[in-house]
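We use all heavy atoms of the structure for the numbers below, so side chains are in, but hydrogens, waters and symmetry mates are not.
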Amino acid sequence: MSLFSMMEKSNNVVIQFEQAVRESIEARKGRRARTLAEIRSVCARLMRLAPGLAERNVCSMNRAECAHLISMANSERQRYKVRAILHGVFEYCRRQEWCLTNPVSLIQLPVLKEQEVRPLSWDALRRLLKIVRLPRHRPCMAPLGLMLWAGVRPAEVSRLSWDDIDWEESVVSLRPVHSKTGGCRHVQIQPVLRVWLRESPRCRRLICPPDWNRRWRRLRDAAGIIPWQQDVLRHTFASYHAKFFHDFARLQEDMGHRSSALLRTRYLSMQGLTAAHAREFWRPGAW
């Protein structure tokens, strides 16, 4: 098909934004329900804030209009999220030849300034690992260990089962259905985690016990770690891994990052970490 024919076809097709969102979500129905719900929610909010957006022909929408939609987000991080979602919608439209180009691809946002997330303090870490051994908290041992010594995200660990632990290869297998990014990664099971998992109770096929979110919150409260920073255990894992192993390539692979940029700018905080604590953190049976 010639470029002229494509332009003629695109100009004759009227696909409203609301329909484009709906069909792009349908095309991604294999993604996690949470991801699809977020796309649906963000686009619904944009249509509420921008009268007439739902009926706009995607072929007629331009860079300036999309930039305005992105600017309505409440924070810098939210603007990045809105841009990513709009980019996905328009990229689907482009592949369907409902529009010739993706106007969002022309929009470049300022580099996101990542806030430093410090690892847990040594005292808080010791309290958490001591309290989780109490009978009422012991069902949380395995998920806590995977977050702390394998860098598994809280949402990811809730999807894991014991079948995803490969004892022979000493890896935790996170398949696309588990991971935040939809990718696959294998995280090494260090000796300290192997010992910890062997001691952890198994109450069912899934790693996490029933009523996991409530149990996890009660464990954190019992340890007196308030407020709790999102993903602080993942940051703790990364910082102690770098401090002890000095293997950034291995750490990047375990974290599932495509490049080392995010790892170095956001995840590695050495404040308060000592070489002695790093040795103890990774010592099998220390906890």
Side-chain angles (χ1 to χ4, degrees), residues 114-133 140-160 164-166 169-174 178-181 183-200 207-208 212 216 219-220 223 225 228-287:
E114 299 285 357
Q115 294 183 347
E116 180 185 20
V117 178
R118 297 179 183 177
L120 279 181
S121 70
W122 190 250
D123 287 342
L125 180 60
R126 291 179 61 187
R127 286 199 310 273
L128 186 63
L129 292 174
K130 179 179 180 180
I131 289 174
V132 76
R133 287 186 173 275
C140 295
M141 280 186 65
L144 171 59
L146 288 166
M147 289 187 287
L148 184 60
W149 287 298
V152 180
R153 297 178 178 90
E156 293 173 338
V157 78
S158 68
R159 305 181 190 113
L160 288 175
D164 299 310
I165 307 296
D166 189 328
E169 296 294 328
S170 289
V171 295
V172 182
S173 298
L174 287 99
H178 300 139
S179 70
K180 173 184 177 181
T181 59
C184 179
R185 72 183 192 273
H186 289 174
V187 185
Q188 284 187 333
I189 297 178
Q190 299 293 341
V192 62
L193 178 57
R194 176 180 285 268
V195 171
W196 184 269
L197 291 177
R198 291 294 191 188
E199 296 179 6
S200 301
I207 294 287
C208 293
W212 159 242
W216 177 223
L219 171 60
R220 297 183 332 238
I225 309 175
W228 180 266
Q229 285 186 294
Q230 179 70 15
D231 283 340
V232 67
L233 295 185
R234 182 168 163 85
H235 287 262
T236 302
F237 162 78
S239 295
Y240 276 105
H241 193 291
K243 185 74 173 181
F244 185 73
F245 295 107
H246 306 287
D247 188 345
F248 289 97
R250 177 72 253 180
L251 178 56
Q252 180 183 328
E253 187 174 340
D254 283 352
M255 296 285 282
H257 290 168
R258 294 181 179 178
S259 73
S260 62
L262 180 61
L263 185 64
R264 294 177 182 275
T265 58
R266 179 166 169 80
Y267 278 92
L268 301 184
S269 173
M270 300 299 173
Q271 186 170 353
L273 270 66
T274 66
H277 284 168
R279 287 194 299 272
E280 188 72 1
F281 180 86
W282 293 105
R283 184 167 67 85
W287 307 97

Participant: Taking Arg133 for its side chain and Met141 for its backbone only, find out whether a donor-acceptor pair lies under 3.5 Å.
Facilitator: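 No: the side chain of Arg133 does not pair with the backbone of Met141.
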Participant: Can you list the residues that meet the salt bridge (charged side-chain N to carboxylate O under 4.0 Å, His left out) rule with Arg279, with sequence neighbours excluded?
Facilitator: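 Listed in chain order: nothing, the list is empty.
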Participant: Would you indicate whether the side-chain heavy atoms of Gln230 and Pro154 approach each other to under 4.5 Å?
Facilitator: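 Touching, per the 4.5 Å side-chain cut-off.
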Participant: Is there side-chain contact between Pro119 and His235, with heavy atoms separated by less than 4.5 Å?
Facilitator: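 No; the side chains remain at least 4.5 Å from each other.
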Participant: Which heavy atom of Ser200 sits nearest a heavy atom of Ala142, and at what distance?
Facilitator: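 That closest heavy-atom pairing would be OG-N, 3.5 Å.
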Participant: Can you check whether Phe281 reaches Phe244 side chain to side chain, under 4.5 Å on heavy atoms?
Facilitator: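 A side-chain contact under 4.5 Å is absent here.
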Participant: Nearest 0.5 angstrom please: Glu280 CD to Tyr240 OH, how far?
Facilitator: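 Reported to 0.5 Å precision, the distance equals 10.5 Å.
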Participant: When rounded to the nearest 0.5 angstrom, what is the spacing between CZ in Arg185 and CD in Glu156?
Facilitator: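 Between atom CZ of Arg185 and atom CD of Glu156 there are 4.0 Å.
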Participant: Going by the angle between their ring planes, with limits at 30° and 60°, are Trp212 and Trp216 parallel, tilted or perpendicular?
Facilitator: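 Taking Trp216 first and then Trp212, their aromatic rings lie parallel (interplane angle under 30°).
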Participant: Please report the shortest heavy-atom distance between Trp282 and Gln190, naming the atom on each side.
Facilitator: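 So the two residues come closest at CZ3-CG, 3.5 Å.
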Participant: Quick one: does Leu129's side chain get under 4.5 Å of Leu144's, heavy atoms only?
Facilitator: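 Yes - at least one pair of side-chain heavy atoms lies under 4.5 Å apart.
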Participant: Do you know which of Leu148, Val157, Leu125, Val152 makes side-chain contact (heavy atoms from CB on, under 4.5 Å) with Leu233?
Facilitator: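 Of Leu148, Val157, Leu125, Val152, side-chain contact (heavy atoms from CB on, under 4.5 Å) with Leu233 is met by Leu148 alone.
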Participant: How close do Ser158 and Cys208 get, heavy atom to heavy atom, and via which atoms?
Facilitator: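 Nearest pair, atom of Ser158 first, then Cys208: CA-SG, 3.7 Å.
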Participant: Could you give me the CA-CA distance, side-chain angles and deciding distance for Leu174 and Asp164, then say whether side-chain contact (heavy atoms from CB on, under 4.5 Å) is met?
Facilitator: CA-CA 7 Å; Leu174 287 99; Asp164 299 310; over 6 Å; no
Participant: For Leu120 and Thr236, which heavy atoms make the closest approach, and how far apart are they?
Facilitator: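 Residues Leu120 and Thr236, closest heavy atoms: N-OG1, 3.0 Å.
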Participant: Under the salt bridge (charged side-chain N to carboxylate O under 4.0 Å, His left out) test, which residues partner Arg250, sequence neighbours left out?
Facilitator: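 Arg250: salt bridge (charged side-chain N to carboxylate O under 4.0 Å, His left out) contacts with Glu253, Asp254.
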Participant: Once ring-ring contact (aromatic ring centres under 6.0 Å, His included) is applied, do any residues pair with Trp122, and if so which ones, sequence neighbours excluded?
Facilitator: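 Trp122: ring-ring contact (aromatic ring centres under 6.0 Å, His included) contacts with His277, Trp287.
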Participant: Testing the basics here: between Ala223 and Arg127, what is the closest heavy-atom pair and its distance to 0.1 Å?
Facilitator: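 In this case the closest contact between Ala223 and Arg127 is O-NE, 2.8 Å.
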Participant: Among Leu160, Val171, Leu146, which residue satisfies the side-chain contact (heavy atoms from CB on, under 4.5 Å) criterion with Ile165?
Facilitator: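 With Ile165 as partner, Leu160, Val171, Leu146 yield a single side-chain contact (heavy atoms from CB on, under 4.5 Å), made by Leu146.
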Participant: Roughly how far, to the nearest 0.5 Å, is CD1 of Ile207 from CZ of Arg159?
Facilitator: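 Nearest 0.5 Å value for the CZ-CD1 distance: 14.0 Å.
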Participant: Would you say the side-chain atoms of Asp231 pair up with the backbone N or O of Arg234, donor to acceptor, closer than 3.5 Å?
Facilitator: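 Side chain of Asp231 to backbone of Arg234: no pair is present.
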Participant: I need the minimum non-hydrogen distance between Val195 and Pro284, along with the two atoms involved.
Facilitator: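 Residues Val195 and Pro284, closest heavy atoms: CG2-CB, 4.1 Å.
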Participant: To the nearest 0.5 Å, how far apart are OG in Ser170 and NE2 in His186?
Facilitator: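 Taking OG in Ser170 and NE2 in His186, the distance rounds to 13.0 Å.
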